[in-house]
Number of protein chains: 2
Amino acid sequence: MVLLPDLSLGQYSLVYNVISFTIATMGAAFLFFVFAQNRVAPRYRMSMLVSALVVAIAAYHYYRIFQSWQAAFMMDTTSGMYVASGQPFNDAYRYVDWLLTVPLLVVELVLVLALSRDLQAKMITKLTVAATLMIILGYPGEVASYIDTPTRAFWGTLSTIPFLYILYVLWKELGKALEQQPPRVRVLIRNARLLLLATWGFYPIVYMAPFFGIYGAESQMVFQVGYSISDILSKAGFGLLIYVTACAKSEADGWSQS
Amino acid sequence: MVLLPDLSLGQYSLVYNVISFTIATMGAAFLFFVFAQNRVAPRYRMSMLVSALVVAIAAYHYYRIFQSWQAAFMMDTTSGMYVASGQPFNDAYRYVDWLLTVPLLVVELVLVLALSRDLQAKMITKLTVAATLMIILGYPGEVASYIDTPTRAFWGTLSTIPFLYILYVLWKELGKALEQQPPRVRVLIRNARLLLLATWGFYPIVYMAPFFGIYGAESQMVFQVGYSISDILSKAGFGLLIYVTACAKSEADGWSQS
């Protein structure tokens, strides 16, 4: 559970506005991925549909986070500060979101390559199982008390094992499959892979922050803003890269929109 | 009515997050079934439309259950526990949901086979009437007091008769129709049928739990989580199997997306 600090009007509003900005971005990305589907060849449309689902799920959860943020604080008119209302701020919505979206993100990445049916099925099974395990194993540590370092470290370490396995599959096995792709597609998929690594890397930093004594007022604010930016890049931004890849592949196939 | 135990923050949050997760999953499944329709041949689209209706109805009811769960509890600041607020937790939303979705689930299963018009109409009539009776007959036992074992047992037994009839139709009569299907479709439909049996099997277990003296705090929590997982598998998971079946049938028909 998140310790709720007293926040100034500016601090409270910054998080509030960033969360609302994220809802708007995810919603707009959803519309884009739905309506831009017919701009790529039919075989790449499933990966865009999955991108659309990811940002729709994220929009829903950011709406819930927004409501939870509003309910968790109230204005204390004597001090002019926002103070805890007594209702908990349910940060676990993020976990619930990842449980659905993280496996889907690896699915989009594999689908856009249009590999052979066998290789695709194998790759998707490996990556989704590992991604689901990674999220589930992180949860008990995340909901543990901020001062219970051993519990946090234990689950965090367990959750790192599937994460390393995902990196292995993406770099080693997917890397091999990339050799058969057109040069432009290779570059785009490498970028998409790096974007995943960079944005997913923010989550363990927040997870480990309490180890360094960081769990106070400003840090919580930074985490909320950081999570939002990370989610926008890893979901809407990543989906956009997948869309550009699908366009490049459609072009390489000689397909054009009639 | 459900006896409301005192719940720790962790217990309360687990049910709360699982219910929210279910809303997100059903919503995402709805979007998928709507937008993936044009990936299968026109004659199989009706079964996907029915899948979409099922998960949309479920998303609505889970939203209601979410609100009811929130209203039924309040944080007791002295003990730090969630205690009954005095408002009842309306578990009957689940029944209302099943009354609509259970008949529709058997409809999707029959529709995707694209049987002759006569056989299809007969099969749908038998299965929907039996499914509706099964739900209606279970209701009086479900809302009976937890200690009124005779009433519960009486309605439970009555409700089992149409359930056994459904199993007979699915295994005996549908089994015969399956012989004319391509091998891959036969496997998929058999899996879908087993998924229905396995997930529907969870409901009678919860129904009969009071017979064994199980109606306390933790058990209620287990039931809510169990119901949610069962519903996700039997609605979104089942619909996904129906979609894969529709893809296999479209391919067997020589249809491809233009």
Side-chain angles (χ1 to χ4, degrees), chain A residues 1-2 30-31 33-35 37-38 41-46 48-65 67-68 71-72 84-101 103-104 107 117 121 135-136 139-140 142-145 255 258, chain B residues 7-40 48 55 59 62-63 66-67 69-70 73-78 80-82 85 184 225 228-229 232 236 240 243-244 247-248 250-251 255-258:
Chain A
M1 274 297 131
V2 175
F30 170 72
L31 294 174
F33 296 143
V34 165
F35 292 118
Q37 271 183 69
N38 60 357
R43 59 195 313 211
Y44 307 114
R45 287 181 193 163
M46 183 54 99
M48 288 197 61
L49 180 51
V50 177
S51 303
L53 297 185
V54 166
V55 290
I57 293 165
Y60 165 76
H61 286 113
Y62 270 88
Y63 173 73
R64 288 279 184 210
I65 292 169
Q67 288 194 308
S68 185
S85 70
Q87 289 203 47
F89 174 53
N90 185 17
D91 223 22
Y93 283 128
R94 299 191 180 282
Y95 257 82
V96 180
D97 178 82
W98 298 336
L99 192 55
L100 279 165
T101 55
L104 290 175
V107 169
R117 189 179 282 195
I135 304 299
I136 290 178
Y139 183 78
E142 178 70 29
V143 295
S145 161
W255 182 89
S258 56
Chain B
L7 296 177
S8 72
L9 176 61
Q11 291 176 322
Y12 173 83
S13 302
L14 180 67
V15 173
Y16 182 96
N17 285 320
V18 167
I19 294 173
S20 176
F21 173 81
T22 310
I23 298 173
T25 309
M26 297 296 185
F30 171 73
L31 294 174
F32 180 81
F33 295 143
V34 165
F35 290 118
Q37 269 182 70
N38 62 357
R39 303 184 64 84
V40 303
M48 288 195 61
V55 289
Y62 270 88
Y63 174 74
F66 185 85
Q67 288 195 307
W69 182 258
Q70 267 191 312
F73 287 93
M74 56 181 189
M75 169 63 101
D76 176 26
T77 40
T78 49
M81 299 285 280
Y82 275 89
S85 71
R184 194 151 165 257
V225 174
S228 303
I229 295 171
I232 288 173
L240 211 55
Y243 163 68
V244 177
C247 288
S250 303
E251 211 181 298
W255 183 89
S256 78
Q257 194 182 11
S258 56

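To find a chain, count down the sequence lines: A is the first, B the second, and so on, and within it residues start at 1. Hydrogens, waters and symmetry mates are skipped; everything else that's a heavy atom, side chains included, is used.
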Rounded to the nearest 0.5 Å, how far apart are [atom1] of [X] and [atom2] of [Y]?
{"X": "Phe21(B)", "Y": "Tyr95(A)", "atom1": "CZ", "atom2": "OH", "result": "14.5 Å"}
{"X": "Gln257(B)", "Y": "Met46(A)", "atom1": "CD", "atom2": "CE", "result": "9.0 Å"}
{"X": "Leu99(A)", "Y": "Asn17(B)", "atom1": "CG", "atom2": "CG", "result": "10.5 Å"}

ring-ring contact (aromatic ring centres under 6.0 Å, His included) against Phe73(B), all qualifying residues, sequence neighbours excluded: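 Only Tyr12(B), Trp69(B) meet the ring-ring contact (aromatic ring centres under 6.0 Å, His included) criterion with Phe73(B).
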Please look at [X] and chain A and tell me whether the side chain, the backbone, both or neither of the residue comes under 4.5 angstrom of a heavy atom of that chain.
{"X": "Ala36(B)", "answer": "both"}
{"X": "Phe30(B)", "answer": "neither"}
{"X": "Ser20(B)", "answer": "both"}

Would you indicate whether Phe66(B), at its atom CZ, is surrounded by more than 12 heavy atoms from other residues, nucleotides or ligands within a distance under 6.0 Å? yes
Side chain, backbone, both or neither: which part of Val54(A) has a non-hydrogen atom closer than 4.5 Å to chain B?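 Answer is neither: Val54(A) stays 4.5 Å or more from chain B.
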Which heavy atom of Leu100(A) sits nearest to which heavy atom of Ala24(B), and what is that distance?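 Between these two residues, the closest heavy atoms are CD1-CB, 3.7 Å.
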Taking only residues two or more places apart in sequence, or in another chain, which ones meet Leu31(A) in a side chain to side chain contact (heavy atoms under 4.5 Å, CB included)?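 Side chain to side chain contact (heavy atoms under 4.5 Å, CB included) list for Leu31(A), sorted by chain: Phe35(A).
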Applying a heavy-atom distance below 4.5 Å, give me the residues of residues 55-62 of chain A that approach chain B, sorted by number. Ala56(A), Ile57(A), Tyr60(A), His61(A)
Contacts of type salt bridge (Lys or Arg N to Asp or Glu O under 4.0 Å), residue Arg94(A), not counting sequence neighbours: Asp91(A), Asp231(A)
Under 4.5 Å, counting heavy-atom pairs only, tell me which of Leu104(A), Leu53(A), Asp97(A) racks up the most with chain B.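 Highest number of pairs under 4.5 Å: Leu53(A).
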Taking the side chain as every heavy atom from C-beta outward, state whether Ser13(B) and Asn90(A) have any pair of such atoms under 4.5 Å apart. no
